[in-house]
Amino acid sequence: MRTVETSITIDAPAQTIWAILDELDAYAEWNKVIPRIAGLTTVGQTLSADIAFTGMPPNPFSPTIMRVVGARELRWFTEVPGEHGYRAEHVFKLSPLGPTQTRLDHSESFEGPLTEMLWPMMDGLGRRDYEQMNLDLKERAEQLARARVRLHPALDGRRDEGPRAGRRYLQCHCDTDPVLVQIEGPVEHTHLCGCSQCWKPQGALLALTAVVASDLHSVTANHDKLSIVDTAANIQRYACSGCGVHMIGLVADPNHHFFGLAFLHPELAGDIAAPRIEWAGFISSLISSGTSPRQLAAVRRALTGTGIEIYDMFSPEIMDLIAWHGVKLRSAEAAKSAARQSGRT
Ligand SMILES: [Zn+2]
Ligand SMILES: [Zn+2]
């Protein structure tokens with residue numbers, strides 16, 4: 001067996017490098033050696049690809065995925081059968097050296113009758129091309145990890161503490177007959193949200209979302225312009241039919257852990273200072289609504305820079321409340337069925 005071994009240190013999180021390796025459709029943007037590769041990176045799947053060593057025409061090959069360990073290892077093999085054949089195993093291994101630095105070990109091993117004939121080429125040109133591939137991957141990953149991201153306009157010169165209590169009006173974006181929602185009390189749990197359902201202002205990657213006790217809100221103008229975005233969702237978001245802005249979100253199911261809360265977007269209160277942003281949630285959900293996983297490191301870095309804690313669901317405080325709510329529901333259910341049992345006997 002002969003092996004071409006290369007390695008490089010990249011100033012980017014392993015997840016960013018992985019996202020580049022795993023985004024086959026975008027190889028043409030950075031990878032001169034493998035300019036085309038298509039298929040699904042799942043163990044057992046066979047991909048369709050071209051390999052193009054410097055000065056040689058692109059050569060089609062069909063690697064089969066052998067190993068996928070997310071953000072750590074991608075391994076495929078290619079087999080050319082017969083007495084002039086060979087078997088090649090291509091490995092990308094990522095070892096995190098810290099949260100923003102990763103070592104890439106990139107190798108290819110050859111076995112079979114043609115190995116000794118191939119070896120001088122692979123040991124020279126092949127090795128140089130793989131080293132160039134590493135450099136191109138490093139450049140792309142480091143650029144992505146450093147990229148500037150616009151999270152939400154509320155963060156541009158935001159004040160840390162605004163008035164939380166008092167009366168305020170949320171106003172939609174319509175020039176005429178805007179919907180007005182009166183809020184009579186403190187806005188709580190203000191956070192940035194990456195979910196696919198919260199309304200976001202133009203140009204914002206994240207939504208700014210908060211809650212108020214639902215009895216403290218009332219629609220005071222142009223109620224008839226509101227309609228529910230998705231009646232099947234747990235939080236029924238009422239949007240203005242004129243401008244599309246979500247004005248208020250209410251929970252219909254009395255057993256739901258958020259029943260009794262009204263969800264709102266505090267920036268709709270205009271010049272009143274937004275309350276302090278306590279945390280950012282559902283960040284990985286950005287991927288389901290179109291943000292590439294390779295951009296997530298920059299998003300997380302931008303949030304960390306603002307001092308806002310990042311969670312991939314809710315904040316620990318709310319996760320604890322939700323877990324406890326589940327226990328309360330189950331014990332209430334158990335008490336009810338025990339009462340039914342004793343009523344029967
Ligand atoms: Zn409107
Ligand atoms: Zn959301």
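Heavy atoms only: backbone and side chains are in, while hydrogens, waters and symmetry mates are out. Given the structure is predicted, the values throughout are model-derived calculations rather than measurements. Numbering of ligands and ligand atoms starts at 1, following listing order. Just so you know, residue 1 is the first one in the sequence shown, and it goes up from there.
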With Arg87 as the cation and Phe77 as the aromatic partner, state whether NZ or CZ is under 6.0 Å from the six-membered ring centre and within 45° of the axis. yes

Strictly under 2.8 Å, is any N, O or S atom of Cys172 next to the Zn ion (ligand 1)? yes

Please work out the angle at the Zn ion (ligand 1) defined by atom SG of Cys174 on one side and atom SG of Cys243 on the other, rounded to 10°. 110°

Single hit among Trp279, Phe282, Phe263 for ring-ring contact (aromatic ring centres under 6.0 Å, His included) with His191: Trp279

Quick one: does any side-chain atom of Asn222 pair with a main-chain N or O of Lys225 as donor and acceptor, under 3.5 Å? no

How wide is the angle at the Zn ion (ligand 2) between SG in Cys198 and SG in Cys193, to the nearest 10°? 130°

Side chains of Tyr86 and Glu111: do they bring a donor and an acceptor to under 3.5 Å? no

